[in-house]
Every structure is written in structure tokens, then in C-alpha cells.
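Inspection log for the structure reproduced underneath, given as C-alpha cells.
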Amino acid sequence: MIELFLAPLAMSTHTGRTLSEVRGSSEPFSPALIESLPPAARRWITHAVAGGTPMAAAVRLEMSGQIRLGSWRPFTAVQLLAPATGFIWAATTRIGPVPISGYDRFTAGTGEMRWRLGEFIPMVSATGRDVSDSAIGRLAGESIFVPTTFPLARWRGDEILASATWTVAGREETVRLDIAEDGALRGLRMLRWGNPDGHGFGRYPFIVTVEAERRFGGMTIASRIGARWDTGTGSDGEFFRPEIIGAHFA
């Protein structure tokens, strides 16, 4: 089911390529490439990218986990992700015996959400500026899954924190990374556009906690995370607990 969504959705990006065609450089990673970055950013990238690893520009992620739709429900998903370009996240979950399937995407400068109950009943069909702005924030935050795309961002920071500013479709999003002493990524925080729990569209703190890492090829990435919105009401805004079980870089 998931694969049926990915093929037609890997449509043209604003660069004229499809997401599945985005490729990185054959240039291998070396410490010289990060000399100008803040100390915390250098520490993270050195931890995340082994010397000699090709400078990938995209990844195909396979994941499973829990997503909160009223209550917590198991899901499986596949995602095509090219930081600063776009993503397609196609997933399946269930309400009782009935499957829910669909996708979130940001391609060709436009965001979209489309989900259906069973085979034919539409649940969500959303596009527009608010959806696109939220998707751009998501794309910036998920850049952590392709550490070799660091040259595409503008960096600031110190020994502990590193901030990466991404420009996507003419809009800027800044992601603050929390880096441990050994270079492991502990989490990230950003002000992301959204409408969490129906509070109205605006910028809210969006927080990701990294619970585990895993190495795929020459890259070590967050493999188990928790994601939540902070609406300032004191309620638990966590809604997403994925585990990455496969990562294929390009």
C-alpha cells in the first residue's frame, strides 16, 4: 500500500528533478569540510559521518512506531527526504480493523496532506499556505536524517548548541540542535508553523527528543525519537514516536 503512494508522488521538485532522482556528490566527507562551522556542529557531524562517506543529498527512510490519533496507534511508513528540496511521507495505521493510509508531502514548493479511511473514504485533504509552511518547518527539522547536507544550511552556535537556518521555497526556518559532549544528537527545538490540537495556526515550540541512534552505512542518525508541540497549556503535546529501521542514502 505504501509503495503505491510513493511512485506517483515523487513528482517534479522546483529543481525540475523528482525526489527519487536527487543525488549527492561523489566527494567523500572529510573534516576539512566543517572547519568553518561552530564547535558543536563540528562535533555532531564528526560523530554522525564517518570519514570517506559520500556526501549524500537524500535518504529513503523505513520506519515503524506509534502515532497519536486520539489514542496511540501503531504505524508503518516509508519516506523520501531531500533536505532543502522536499519530502514524501507515506504511512498506514489502523482504527480498529479499518486501515488508514495516505501521505504528507512537500514537493515543487507546495505542501499537501491526503488521508483516507479504508480504500475509498476521504479523511483529510489539505493544501494551502498554512500546510506548506508547516511542511517547510518539518523539512528543516528532518534534515538531521541526512547529516551530509550540512553545507546547505547557515550555521551559528557555540560549544553546546548549534543552530542551522534552512532556506526552502524562499522561506527561512531555524533549527536548534542540542549536542552531547561525544557529538551525539540529544534533540532539537524550533518554532514551527502549525495548528496543534486546534489551537489555531501560528508558530509554536516544536521539540524532538532523540532516544537512540543507529548507524546505517557511514552515517549515524537518530533512530528512535519523540516529537511534540508545546502550546503553553501544560498538556502533553507528544504525537509521534517513530523508530527508523532502514536508511538508504543517495
Side-chain angles (χ1 to χ4, degrees), residues 1-14 18-20 58-82 85-142 145 168-169 192-204 206 208 224-231 233 235-246 248:
M1 178 69 74
I2 291 173
E3 297 297 336
L4 293 178
F5 285 115
L6 285 180
L9 285 173
M11 60 184 67
S12 293
T13 67
H14 67 278
T18 65
L19 281 181
S20 59
V59 68
R60 175 191 167 101
L61 298 172
E62 297 156 7
M63 67 187 76
S64 61
Q66 299 281 323
I67 188 168
R68 193 170 69 179
L69 299 172
S71 60
W72 288 101
R73 305 180 190 278
F75 78 91
T76 57
V78 175
Q79 180 168 2
L80 301 181
L81 170 65
T85 299
F87 71 85
I88 302 164
W89 184 75
T92 298
T93 185
R94 306 185 79 85
I95 294 181
V98 182
I100 299 173
S101 57
Y103 61 86
D104 297 344
R105 71 165 179 89
F106 182 82
T107 55
T110 301
E112 181 185 22
M113 303 169 63
R114 193 173 297 273
W115 297 86
R116 67 191 184 199
L117 183 67
E119 292 293 324
F120 306 108
I121 303 173
M123 283 188 65
V124 176
S125 181
T127 58
R129 181 63 181 267
D130 288 326
V131 174
S132 294
D133 285 353
S134 185
I136 288 172
R138 173 177 174 172
L139 180 61
E142 291 183 346
F145 293 116
V168 181
R192 180 183 166 194
W193 191 262
N195 181 23
D197 295 330
H199 281 78
F201 279 102
R203 286 198 176 271
Y204 298 87
F206 184 78
V208 172
R224 191 170 68 247
I225 66 172
R228 65 184 178 91
W229 295 92
D230 182 359
T231 59
T233 62
S235 62
D236 179 11
E238 187 179 21
F239 68 97
F240 193 49
R241 299 172 180 167
E243 181 171 359
I244 306 300
I245 56 177
H248 309 276

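Each residue takes its place number in the sequence, starting with 1.
Listed here is the closest heavy atom pair of Y204 and G202: CD1-O, 3.3 Å. Closest of all the heavy-atom pairs between H199 and T233 is NE2-CG2, 3.5 Å. A169 and I136 get closest at one heavy-atom pair: CB-CD1, 4.4 Å. Across all non-hydrogen atoms, the minimal contact from T127 to V131 is O-CG2, 3.6 Å. When every heavy atom of S132 is checked against every heavy atom of G111, the shortest pair comes out as OG-N, 2.8 Å. Shown here for W72 and E238, the closest heavy-atom pair between the two residues is CZ2-O, 3.6 Å.
Residue L69 holds its CG atom at 7.0 Å from CE of M123, rounded to the nearest 0.5 Å. Atoms CZ and CD1, on R224 and I245 in that order, are 13.5 Å from each other to the nearest 0.5 Å. Atom CD1 in I100 sits 10.5 Å away from atom CD1 in I121 (nearest 0.5 Å). The OH atom of Y103 lies 13.5 Å from the OG1 atom of T92; values are rounded to the nearest 0.5 Å. Between the CH2 atom of W115 and the OG1 atom of T93 there is a distance of 8.5 Å, given to the nearest 0.5 Å. For the atom pair CZ (R73) and CD (Q66), the distance works out to 10.5 Å, reported to the nearest 0.5 Å.
Without hydrogens or angle criteria, W89 side chain to V78 main chain gives no donor-acceptor distance under 3.5 Å. Counting only distance, with no hydrogens or angles, the side chain of R116 and the backbone of S101 share no donor-acceptor pair below 3.5 Å. Side chain of S134 to backbone of W193: a donor-acceptor contact under 3.5 angstrom is found.
Within the 4.5 Å cutoff, no side-chain heavy atoms of M113 are placed close to those of S125. Contact check for D133 versus F201: no side-chain heavy atoms found under the 4.5 Å cut-off. At a threshold of 4.5 Å between non-hydrogen side-chain atoms, the residues L19 and R105 do not count as touching. Looking at heavy atoms from C-beta onward, E62 lies in side-chain contact with H248 at the 4.5 angstrom threshold. In this structure the side chain of D104 reaches within 4.5 angstrom of the side chain of R138, judged on heavy atoms. A 4.5 Å side-chain heavy-atom check between D130 and N195 finds every atom pair outside the cut-off.
Using bins of under 30°, 30° to 60° and over 60° for the plane-to-plane angle, the ring pair F206/F239 lands in the tilted bin. Ring orientation note: the planes of F240 and F75 are close to parallel, at an angle under 30° on the 30°/60° scale.
Evaluation of the salt bridge (charged side-chain N to carboxylate O under 4.0 Å, His left out) rule for R203 yields E173 as partners, not counting sequence neighbours.
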For side chain to side chain contact (heavy atoms under 4.5 Å, CB included), just list the numbers for L139 and L81, CA-CA rounded to whole Å, side-chain angles, deciding distance to a tenth of an Å, and then say yes or no.
CA-CA 8 Å; L139 180 61; L81 170 65; 3.6 Å; yes
Between D197 and W229, is the side chain to side chain contact (heavy atoms under 4.5 Å, CB included) condition met? List the steps.
CA-CA 9 Å; D197 295 330; W229 295 92; over 6 Å; no
